[in-house]
Every structure is written in structure tokens, then in C-alpha cells.
Amino acid sequence: MKPLAGKTAIVTGASRGLGRAIALALGEAGANLSLAARSKPDLEETARLAAVSGVRTLILPTDVSRYAQFETLVERTIESLGRLDVLVNNAGIAKVLPFAEATPSDWREVLDVNLGGIMNGCRAAAPHLIAQRAGKIVNVASVLATVALPGYALYSAAKGGVIALTRSLGVEWARHNIQVNAMAPGWFVTDMNAAAFGDDRIRDRLLRDVPARRTGRLDEIGPLAVYLASSASDFMTGQTIFLDGGLSVA
Ligand SMILES: NC(=O)c1ccc[n+]([C@@H]2O[C@H](COP(=O)([O-])OP(=O)(O)OC[C@H]3O[C@@H](n4cnc5c(N)ncnc54)[C@H](OP(=O)(O)O)[C@@H]3O)[C@@H](O)[C@H]2O)c1
């Protein structure tokens, strides 16, 4: 029996990178998938890759920073796939720049997507999950919420907020049987950081602090997402699990 058979999961940022890997893992575990991001062609490619699992997929182009769009995403998912059990808030952006050069508009952009997107998702899903007295929310934070790196202040602030929001909702919604947890990845090479990892000097500098001395493989994120989305984690809530080759504890 697949652990997520009969369940429906929304995955944001499912068009590439970690979000695609998470979506494919949830599909392999039996969940029907509602795939969200802004780029429709890339979502179609994720749906094509998920087809081997034989699950139903829905593609819903969505900007997670817009609350009305997230509400529509939740409504259409329930209309088309019949239910909503799991919400993976993975969509995110990085703006790497010296804090002294950051503008209020840079701040708003990073906060609106990385933290506001999660607020929008949790709020839009709340009435449905509370009414059915069951739900799993998996937020994607970052090791940079707790480990500082020059240039990442806006991103780190947003991701720190993700961990705090996860903890708060975990406590507030425990009475509704909704588990809210977060994953905090370390370095995984994706479009978000490919340029930095393409430069040997920067790569060596970043990996120097990682006890495992390597980046994560995309297939290493899915199993944790499946665990947090499945009944195996029913007694865990408000937690953030670091998947970072030891970076956060070194
Ligand atoms: N890669 C790492 O080393 C690393 C480490 C720690 C945490 N993370 C986190 O992991 C998550 C995924 O990152 P990634 O590395 O896979 O980066 P990525 O390859 O750049 O993917 C980012 C995803 O987010 C989507 N997205 C961005 N803005 C959006 C918006 N406003 N509305 C909807 N979707 C949006 C993108 O799709 P569209 O552009 O099509 O909208 C894309 O699917 C992010 O939250 C990131 O902060 C990554």
C-alpha cells in the first residue's frame, strides 16, 4: 500500500528544482497532485514526469504571493481532484545582494513570496483542513534561517519567519488534527544557485562549511516530504527538520 494513496497534495514551486522533486516523490507515494507555479510549460513537464506513477495531476499556474490566486488554487484542486490533504509550500526566490543596497521593494518581494506565499497557502487551505479535521502542511524553510551568509539577509529573515510560522501554526492547529512542519534544506544545486555553484571558488567556499562536503541530491528531498505528508508523522508538529549535510550543527 502506498503511504499517500487516495490523498491529494498541492505542491507550490512544482515547476522545477526541489518542488518538482517533492511533487514526483509524493506522486510515487500515491498522491494525486495539484501543481502550482507561474510557468505553465514547466508545470506540464512535471506532470508528464509524474504520469509514470499513474496518479491524477492538475496544473494550475499561480503566483503564491497573491492571496486571491492561492484561494482559487485551493478551490480548483478540491473541485477537480475531490479533496485536499497535503499542502507543500515550497515556492521561493532568492535575492542575493549587500543589505546596504537593498531597497524596500527588494524586501517586499522576498518577504511576499517566501513568507507571504506560505501565509496565503495556510490561510486559504485552513477552512477545508479544519472542517475535515485532518491535514498536513509542509513548509520549505532553509538552513539560512539559522546560518548567516553575507548577501542573504532578506532571504534569511523570510526563512526565519517560515520556521516561526510553522511552530505557531503547529501549536494552534494541533486541536484540529492538522500537522504543520517544515523542511530546512542545505545546499541543493538548482536554478536558484546554479551560477554560484558553477564557480569553483564560490562552490569550495560554500562547501567548506558543510561537514558532508557535498551538495544534496534532488532525490534526497522527496523521502522527507513523503514522511511529513503521511500518517507516519502524525505525532510530529511545529518542527523544522534540517536536511543539510550537517551545516546547521557544524
Ligand atoms: N536550492 C537550495 O539550495 C535551497 C536551499 C534551501 C532552501 N531552498 C528553498 O527551496 C525552495 C525551492 O527552491 P529551488 O532551489 O528548487 O529553486 P528554483 O529551482 O528556483 O525553484 C523555485 C520554484 O518556485 C517557483 N516560484 C517562484 N516564485 C513564485 C511565485 N511568486 N509564485 C509561484 N511560484 C513561484 C518557481 O516557479 P516559477 O518561476 O515558474 O513561478 C520554481 O518552481 C525555495 O523555497 C527555496 O528557498 C532551496
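Keep in mind that this is a model prediction, so the values were computed, not measured. Order of listing sets the numbers, starting from 1, for every ligand and every atom in it.
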Item to check | Heavy-atom nearest neighbour in the protein, as seen from atom 8 (N) of ligand 1, with distance rounded to 0.1 Å | outcome: Tyr155 OH, 3.5 Å

Next on the checklist: Give me the nearest non-hydrogen protein atom to atom 45 (O) of ligand 1 as residue plus atom name, then the distance to 0.1 Å.
Outcome noted: Asn90 O, 2.7 Å

Next on the checklist: Let's go through Glu45 and Arg48 carefully: what are the C-alpha distance in whole Å and the side-chain angles of both, what is the deciding distance for salt bridge (charged side-chain N to carboxylate O under 4.0 Å, His left out) to 0.1 Å, and is it a yes or a no?
Outcome noted: CA-CA 5 Å; Glu45 175 61 8; Arg48 195 188 64 74; 2.9 Å; yes

Next on the checklist: Test your reading of the model: is there a side-chain donor-acceptor pair from Asn90 to the backbone of Thr12, 3.5 Å cut-off?
Outcome noted: yes

Next on the checklist: We want to know whether Thr166 and Asn139 form a side-chain donor-acceptor pair, criterion being a heavy-atom distance below 3.5 angstrom.
Outcome noted: yes

Checklist entry - Can you find a non-hydrogen atom of Asp42 under 4.0 Å from ligand 1? => result no

Next on the checklist: Suppose we measure from atom 13 (O) of ligand 1 to each protein heavy atom; which comes out shortest, and what is that distance?
Outcome noted: Met192 CE, 3.7 Å

Checklist entry - Quick one: nearest non-hydrogen protein atom to atom 15 (O) of ligand 1, plus distance? => result Thr190 OG1, 2.6 Å

Checklist entry - In Å, rounded to the nearest 0.5 Å, how long is the span from CG of Asn181 to OH of Tyr227? => result 8.0 Å

Checklist entry - Under 4.0 Å from any heavy atom of Pro185, which atoms of ligand 1 are there? => result 5 (C), 6 (C), 7 (C)

Checklist entry - Purely on distance, is any nitrogen or oxygen of Phe188 under 3.5 Å from one on ligand 1? => result yes

Checklist entry - Using a distance-only test with no angle check, is there a side-chain donor-acceptor pair under 3.5 angstrom linking Arg20 and Thr46? => result yes

Checklist outcome for this item: atom 19 (O) of ligand 1: of Arg66, Arg20, Lys40, Arg16, the nearest heavy atom sits on Arg16

Checklist entry - Within less than 4.0 angstrom of ligand 1, does Lys159 place any heavy atom? => result yes

Next on the checklist: Within the 4.0 Å heavy-atom shell around Asp191, which atoms of ligand 1 are there?
Outcome noted: 19 (O)

Checklist entry - Shared ILVMFWY cluster between Tyr152 and Ile163, side chains joined below 4.5 angstrom? => result yes

Checklist outcome for this item: Rounded to the nearest 0.5 Å, the CZ atom of Phe197 sits from the CZ atom of Phe188 at a distance of 10.5 Å

Checklist entry - CG/Leu81 to OG1/Thr8 distance, rounded to the nearest 0.5 angstrom? => result 5.0 Å

Item to check | Residue selection (non-hydrogen contact nearest atom 10 (O) of ligand 1) among Leu18, Val162, Thr62, Ile221 | outcome: Leu18

Checklist entry - Of the protein's non-hydrogen atoms, which lies at the shortest distance from atom 37 (O) of ligand 1, and what is that distance? => result Ser15 OG, 2.9 Å

Checklist entry - What distance do Glu75 atom CD and His128 atom NE2 have between them, rounded to the nearest 0.5 Å? => result 6.0 Å

Next on the checklist: Tell me whether Leu129 shares a hydrophobic cluster with Val74, the cluster being built from Ile, Leu, Val, Met, Phe, Trp, Tyr side chains joined at under 4.5 Å.
Outcome noted: yes

Item to check | Polar side-chain atom of Gln132 near backbone of Leu84 as donor-acceptor pair, under 3.5 Å | outcome: yes

Checklist entry - Would you say ligand 1 has an N or O under 3.5 Å from any N or O of Trp187? => result no

Next on the checklist: For ligand 1 and Val64, I'd like to know whether there is a polar contact (N/O to N/O, distance under 3.5 Å).
Outcome noted: yes

Checklist entry - Which atoms from ligand 1 have a heavy atom of Gly17 less than 4.0 Å away? => result 16 (O), 19 (O)

Checklist entry - So which heavy atom in the protein is nearest atom 25 (C) of ligand 1, and how far is it from that ligand atom? => result Gly13 CA, 3.6 Å

Checklist entry - For ligand 1, which atoms sit closer than 4.0 Å to a heavy atom of Asn193? => result 1 (N), 2 (C), 3 (O)

Checklist entry - Looking only at N/O atoms, are Ser142 and ligand 1 under 3.5 Å apart anywhere? => result no

Item to check | CD1 on Ile78 to CG on Leu73, rounded to 0.5 Å | outcome: 9.5 Å

Next on the checklist: Could you walk me through whether Asp85 and Lys136 satisfy the salt bridge (charged side-chain N to carboxylate O under 4.0 Å, His left out) test, starting with their C-alpha distance in whole Å, then the side-chain angles of each, then the deciding distance to 0.1 Å, before giving a yes or no?
Outcome noted: CA-CA 6 Å; Asp85 306 284; Lys136 295 277 184 184; over 6 Å; no

Next on the checklist: Heavy atoms only: which of Pro61, Gly92, Ala141, Gly19 lies closest to atom 7 (C) of ligand 1?
Outcome noted: Ala141

Checklist outcome for this item: The answer for which part of Ile93 has a heavy atom under 4.0 Å from ligand 1 is side chain

Checklist outcome for this item: Closest to atom 26 (N) of ligand 1 among protein heavy atoms sits Ala91 CB, 3.9 Å

Checklist entry - Is there a heavy atom of Gly186 sitting under 4.0 angstrom from any atom of ligand 1? => result yes

Checklist entry - Short list, please: which atoms of ligand 1 are under 4.0 Å from a heavy atom of Asp63? => result 30 (C), 31 (N), 32 (N)

Checklist entry - Any idea which atoms of ligand 1 are less than 4.0 Å away from a heavy-atom of Val140? => result 9 (C), 10 (O), 11 (C)

Item to check | Straight-line distance of Leu60 CG to Thr77 OG1, nearest 0.5 Å | outcome: 5.5 Å

Checklist entry - Do you see a donor-acceptor pair shorter than 3.5 Å between the side chains of Asp234 and Ser231? => result no

Item to check | Shortest protein heavy-atom distance from atom 39 (O) of ligand 1, along with the residue and atom involved | outcome: Arg38 NH2, 2.9 Å

